[in-house]
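Here's the structure, in structure tokens; my notes come after.
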2 protein chains.
Amino acid sequence: MKEESVNVSEATILDAARAVFTEKGMAGARMQEIADRAGINKAMLHYYFRSKEKLFDRVFQEAFQQFWPKIETQLNADMNPKLLIKGIIESYVELFLEKPYLPNFIISELTRDPERIEKLMQKSGVAPIQLVRYVKHQMEKGVIVEMDPRELFINVIALCIFPFAARPLISRIIWENDQDSYTAFLKRRKESVFQFIENIIFND
Amino acid sequence: MKEESVNVSEATILDAARAVFTEKGMAGARMQEIADRAGINKAMLHYYFRSKEKLFDRVFQEAFQQFWPKIETQLNADMNPKLLIKGIIESYVELFLEKPYLPNFIISELTRDPERIEKLMQKSGVAPIQLVRYVKHQMEKGVIVEMDPRELFINVIALCIFPFAARPLISRIIWENDQDSYTAFLKRRKESVFQFIENIIFND
DNA sequence: GTCTATAAAAGGATAGAC
DNA sequence: GTCTATCCTTTTATAGAC
């Protein structure tokens, strides 16, 4: 049993890579910086992952799987729609509270290279399609107000994501750089988003 | 009077630079590609703008001024609040229909380098603060439902921006890559965003 | 103002010793 | 597995002729 650290694990490298890639983006990231943060040298990076591209792919794929969530796990036909929507909002906001870098990272890297989506879609299922079908059903029953279910989905997600994605802009300008206060605002989002839309979408 | 083109104007370079910077970002952009699109060589870029950094600053500043809008121009105390909100939504959606790259460009570059905001704020006024004051007044009068005016502002902007910012993601997955249909959806946003929130925020 | 040529530096990747 | 040294390409930036 050695006292000092043994192998550089993949996990150590991935942690460092995630930090650098999410902060600087694929194009702005430097292999040197990743190596430094992982406490190793560049050669080791290429030993574990053959290239910058492959390392990025790995990091991005893991991020996308978290971002593109497991909505269908909560989904079955006789569920309370209010609780369902509330649940979606809560799990999204909680995710972004924990990993605030996710929204921007996903969106901006997909904007630069949209082809990437095709690769990813095979790995993770297409949950929202089922969700759309469920919501449509609830609309026909008169529980939810009639509208394009996709539009409803986008509106909910928009309200969840935007305050995290645009934090540097909003917190500095609208919150006058009071970061503590802005963090508190984000924590309240789980309730406030639902409260905001509750009266629009449900025919009580 | 010559037939063929005369000087390479600053404007020609800026057009090319805007195209490349907004597509690839600061880190991913290449001076060579900007030169090619402008129909000149790299040396000319450095002749007009001393460095990549300075060229980017110019492009970004112009983008930010469009993005950070002239809300206060529409603002006076006895205005109809419904029309005001409607007007804000319309001018934002119209802006993004015309320049879809703006949201991502601004947000992702500010995320990478938040310090940049300080420089920019001096150049363009801080309109939304006035807006917040106006909305607060309308709430006290009972015209608009009581809530944090900043939250209302963010929610409205979120609904306007997100479908443009996340287009690659949403159009491919939720719209199953039917780009025409998604474009039509975006064009309808001027009306649909207002319609969505109208019943929440106004005590009719 | 515009070009060619080139400097100077950075960054990704590999060879080879241990 | 881990390191040092090095290769090779890309990229920003400048010098200098016209």
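Convention: sequence-line order gives letters A, B, ...; per-chain numbering from 1.
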Start with the C-alpha gap between B:Thr111 and B:Ser108, add the side-chain angles, then the distance that decides, and say whether side-chain hydrogen bond (donor to acceptor under 3.5 Å, both in side chains) holds. CA-CA 5 Å; B:Thr111 302; B:Ser108 66; over 6 Å; no

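A:Phe162 and B:Phe162 have their aromatic ring centers separated by at least 6.0 angstrom.
Between the CE atom of A:Met44 and the C1' atom of D:dG1 there is a distance of 5 Å, rounded to whole Å. Rounded to a whole Å, the NZ atom of A:Lys24 is 14 Å from the C1' atom of C:dA10. Rounded to an integer number of Å, the gap from CG of B:Leu45 to P of C:dC3 is 11 Å. Remark: P of C:dG1 and CZ of B:Phe49 are 12 Å apart, rounded to the nearest angstrom.
The cationic atom of A:Arg58 (NZ for Lys, CZ for Arg) does not lie both less than 6.0 Å from the six-membered ring centre of A:Phe49 and within 45° of the ring axis. A:Arg116 forms a cation-pi arrangement with A:Phe60, by the criterion of a distance under 6.0 Å to the ring centre and an angle within 45° of the ring axis.
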Using a 4.0 Å cut-off on protein heavy atoms (strictly under), produce a 5'-to-3' string for nucleotides 4-18 of chain D with B for base contact, S for backbone-only sugar-phosphate contact, and - for none. B------SBBB----

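Backbone-only contact: B:Tyr48 has heavy atoms under 4.0 Å from sugar-phosphate atoms and none from a base.
Under the 3.5 Å distance criterion, with hydrogens and angles disregarded, no donor-acceptor pair is assigned to the side chains of B:Asp57 and B:Gln61.
When the salt bridge (charged side-chain N to carboxylate O under 4.0 Å, His left out) test is applied to A:Lys42, no partner is found at least two apart in sequence or on another chain.
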